[in-house]
Amino acid sequence: MSTPMNKRPIGVFDSGLGGLTVLKALMARLPHEDTIYFGDSGRAPYGSKSADTVTKFSLQNARFLLEQQVKMIIIACNTASSRAYDAVSAMAGLPVIEVIGPGARTAALVTRNRRIGVIGTRGTVESQVYPAAIRRCLEGPAEIYQQACPLFVSLAEEGWWDLPVTSDIARIYLEPLLARGIDTLVLGCTHYPLLSNVITATAGPDVRLVNAGGPIASIVAQTLEQMGLKNDSHLPGQHVYYTSDSVEQFTLLGSAFLDEPVEQACRIDIERY
Ligand code: DGL
């Protein structure tokens with residue numbers, strides 16, 4: 001007998017560790033849901049790759065998760081959400097959640113001076129999805145400034161979350177946005193909350209950071225509820241992890257970030273999918 005739909009795990013994927021920032025918010029909001037996480041560290045970064053390549057990778061990641069019998073797929077990667085949401089959604093045949101809308105809506109809600117900065121990968125910045133999504137939520141004039149921060153992803157994957165070199169790089173990336181007088185800064189890449197200490201210190205107390213983890217978890221909760229897919233179990237959720245690269249690195253950094261041991265991590269050959 002197959003597992004009832006609501007008892008199935010939620011599938012989450014990212015190009016690497018970044019999606020764990022979404023998973024963490026999900027675990028806090030939905031403690032009884034099981035999850036399967038795939039981090040494609042072997043093929044990261046996605047942010048500097050073409051839309052076609054990111055779409056191909058995203059479809060492979062989604063096929064892998066579908067094979068694991070998930071009930072929903074969360075594209076916990078802004079680059080893949082901006083490039084491949086439609087393709088994944090059309091293929092999956094179950095609810096697919098993207099991560100751009102929740103961050104854009106939050107930015108529109110919290111800004112006071114309507115000057116919003118967005119940092120993301122080159123792919124996300126080039127796609128212009130954030131300015132378009134923020135303008136849809138914010139009536140009237142608004143100034144939106146974007147900055148690609150490709151080195152942040154390598155620093156995050158390397159575990160260099162809080163080093164002096166990370167602060168130096170953050171200063172170079174953020175100065176042009178800060179010079180525009182932004183009061184809100186969207187972390188438009190799921191890797192960036194791993195560097196949030198450094199980004200907060202660099203941006204200063206007058207800039208509100210938008211980490212979409214919480215808002216994404218709320219959308220997931222709402223969608224599960226509406227579609228009758230919520231797991232009614234009272235047991236703590238089980239979390240399984242897969243990576244396309246070193247299990248040791250994933251386990252070490254993943255456990256440090258989630259503040260709980262990443263157990264049952266396995267390496268897979270994603271090119272098979
Ligand atoms: N974490 C991803 C994002 O949100 C991608 C980072 C990358 O692989 O370049 O965009």
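Start at 1 and go down the list; that is how both ligands and their atoms are numbered.
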### Task
Let me see the working for Asp245 and Arg43 under salt bridge (charged side-chain N to carboxylate O under 4.0 Å, His left out), right down to the final yes or no.
CA-CA 8 Å; Asp245 207 339; Arg43 303 190 296 187; over 6 Å; no
Give a table of atom pairs where an N or O of ligand 1 lies under 3.5 Å from a protein N or O.
unit_1	atom_1	unit_2	atom_2	d
ligand 1	1 (N)	Asp14	OD1	3.0
ligand 1	1 (N)	Thr190	OG1	2.9
ligand 1	1 (N)	His191	ND1	2.7
ligand 1	4 (O)	Asn78	N	2.7
ligand 1	4 (O)	Asn78	ND2	3.1
ligand 1	4 (O)	Thr190	N	2.8
ligand 1	4 (O)	Thr190	OG1	3.3
ligand 1	8 (O)	Ser15	OG	2.6
ligand 1	8 (O)	Tyr46	N	2.6
ligand 1	9 (O)	Tyr46	N	3.2
ligand 1	9 (O)	Gly47	N	2.8
ligand 1	10 (O)	Asn78	N	3.4
ligand 1	10 (O)	Thr79	N	3.0
ligand 1	10 (O)	Thr79	OG1	2.6

### Task
Could you check if a side-chain atom of Leu66 sits within less than 4.5 angstrom of a side-chain atom of Met91, using non-hydrogen atoms only?
yes
### Query
Do you see a donor-acceptor pair shorter than 3.5 Å between the side chains of Tyr273 and Glu67?
yes
### Query
Any side-chain heavy-atom pair from Ile119 and Tyr173 closer than 4.5 angstrom?
no
### Query
Is there a side-chain contact (heavy atoms from CB on, under 4.5 Å) between Gln249 and Leu17 once you walk through the steps?
CA-CA 10 Å; Gln249 177 84 345; Leu17 293 167; 5.8 Å; no
### Message
Could you walk me through whether Thr35 and His239 satisfy the side chain to side chain donor-acceptor pair (under 3.5 Å) test, starting with their C-alpha distance in whole Å, then the side-chain angles of each, then the deciding distance to 0.1 Å, before giving a yes or no?
### Response
CA-CA 5 Å; Thr35 64; His239 308 289; 2.7 Å; yes
